[in-house]
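Computed from heavy atoms alone, side chains included, the values below leave out hydrogens, waters and symmetry copies.
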Amino acid sequence: MVSVFKSFIASSVMTLLCFSLCFYPFALAQDSGTATFNTPPYVPSKCYGYEDRGVMIAAASEGIFNNGEACGRYYQVTCVSGTNEGTPFPCLVNGSVVVMITDLCPADSCRGTIDLSQEAFASIADPNSGVINISYQQI
């Protein structure tokens, strides 16, 4: 009986381990791009009109926005480096922020992958840099 129980436990552990490893890459999937920032007022927005969604928000480029499917999704954005367009070392020590997508950054005026609110940008980088290299992932 003990042998059957040990076999069951070993099989269960292996199944759980294999299942966990199958999804491990998705948990760590990060993309890279650039971030810019915009200044208040943040309304109206493409997703919420005149509804105020706070200041830890962002406008997504068309690739992320995906015809509005990104509205309300949260992204962790991490400052990676400067882009040589401003401050050489813009990233702050705590260089990550979580933002909600509330707007579209139209292709004709969007200078980055994600256009953060001024407050969100300033929490991860020196605003004097204007544009930073980032990694980001949906959470």
Side-chain angles (χ1 to χ4, degrees):
M1 182 70 175
V2 172
S3 169
V4 172
F5 183 70
K6 284 183 181 179
S7 177
F8 173 76
I9 295 295
S11 174
S12 297
V13 168
M14 289 303 293
T15 301
L16 183 59
L17 180 62
C18 289
F19 184 76
S20 298
L21 289 175
C22 288
F23 290 99
Y24 182 72
F26 297 110
L28 297 178
Q30 290 192 343
D31 291 307
S32 60
T34 57
T36 54
F37 69 91
N38 59 52
T39 57
Y42 302 123
V43 291
S45 71
K46 188 80 169 173
C47 298
Y48 299 102
Y50 285 92
E51 184 179 330
D52 183 1
R53 303 304 285 191
V55 296
M56 291 309 188
I57 57 174
S61 60
E62 290 180 345
I64 296 171
F65 194 72
N66 196 19
N67 294 319
E69 288 185 26
C71 290
R73 290 184 180 163
Y74 288 90
Y75 282 81
Q76 180 177 19
V77 180
T78 302
C79 182
V80 174
S81 67
T83 61
N84 295 327
E85 294 181 28
T87 309
F89 303 104
C91 299
L92 302 179
V93 174
N94 184 21
S96 288
V97 66
V98 174
V99 293
M100 179 198 309
I101 301 299
T102 60
D103 208 353
L104 168 65
C105 188
D108 60 340
S109 64
C110 199
R111 300 179 318 140
T113 310
I114 296 179
D115 193 33
L116 299 168
S117 67
Q118 184 175 15
E119 294 84 353
F121 190 97
S123 75
I124 64 170
D126 181 348
N128 291 321
S129 63
V131 181
I132 55 173
N133 292 315
I134 59 166
S135 64
Y136 63 96
Q137 66 181 13
Q138 183 183 342
I139 56 171

Open item on the list: Running the 4.5 Å side-chain criterion over Ile, Leu, Val, Met, Phe, Trp and Tyr, what cluster does Tyr48 land in, apart from itself?
Closed with: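 Members besides Tyr48, by chain and number: Tyr74, Val98, Met100, Ile139.
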Open item on the list: Apply side chain to side chain contact (heavy atoms under 4.5 Å, CB included) to residues Ile64 and Asp31 and explain how you reach the verdict.
Closed with: CA-CA 11 Å; Ile64 296 171; Asp31 291 307; over 6 Å; no
Quick one: pull up [atom1] in [X] and [atom2] in [Y] and give me the separation to the nearest 0.5 Å.
| X | Y | atom1 | atom2 | result |
| --- | --- | --- | --- | --- |
| Tyr50 | Ser45 | OH | OG | 10.0 Å |
| Thr102 | Lys46 | OG1 | NZ | 13.0 Å |
| Gln30 | Gln137 | CD | CD | 4.5 Å |
| Ile114 | Ile101 | CD1 | CD1 | 5.5 Å |
| Glu62 | Asp108 | CD | CG | 8.0 Å |

Task: Given Asp103, Val55, Asp52, the one that forms side chain to side chain contact (heavy atoms under 4.5 Å, CB included) with Tyr42 - done: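 So, applying the side chain to side chain contact (heavy atoms under 4.5 Å, CB included) to Tyr42 and each of Asp103, Val55, Asp52, only Val55 qualifies.
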Grab the two heavy atoms, one from [X] and one from [Y], that are nearest each other, plus how far apart they are.
| X | Y | answer |
| --- | --- | --- |
| Thr78 | Ser96 | OG1-OG, 2.7 Å |
| Pro127 | Phe37 | O-CE2, 3.4 Å |
| Pro40 | Glu119 | CG-OE2, 4.2 Å |
| Cys79 | Ile134 | CA-CG2, 4.4 Å |
| Cys91 | Ser81 | SG-N, 3.5 Å |
| Arg111 | Gly130 | NH2-O, 3.8 Å |

Task: Counterpart residues, side-chain contact (heavy atoms from CB on, under 4.5 Å), relative to Asp115 (two or more places apart) - done: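 With neighbours one apart ignored, the set is Thr36, Asn38, Ala59, Cys105.
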Task: Polar side-chain atom of Thr113 near backbone of Thr34 as donor-acceptor pair, under 3.5 Å - done: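 Yes; at least one donor-acceptor contact below 3.5 Å.
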Task: Thr83 side chain vs Val131 backbone, donor-acceptor pair below 3.5 Å - done: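 Yes; at least one donor-acceptor contact below 3.5 Å.
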Open item on the list: Could you go through Cys71 and Phe65, starting from their C-alpha distance and side-chain angles, then the distance that decides it, and tell me whether this counts as side chain to side chain contact (heavy atoms under 4.5 Å, CB included)?
Closed with: CA-CA 7 Å; Cys71 290; Phe65 194 72; 3.8 Å; yes
Open item on the list: Side-chain heavy atoms nearer than 4.5 Å, only ILVMFWY residues, links allowed to pass through others: does that put Val80 and Val77 together?
Closed with: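 They do not share one cluster, since no chain of ILVMFWY contacts under 4.5 Å joins Val80 to Val77.
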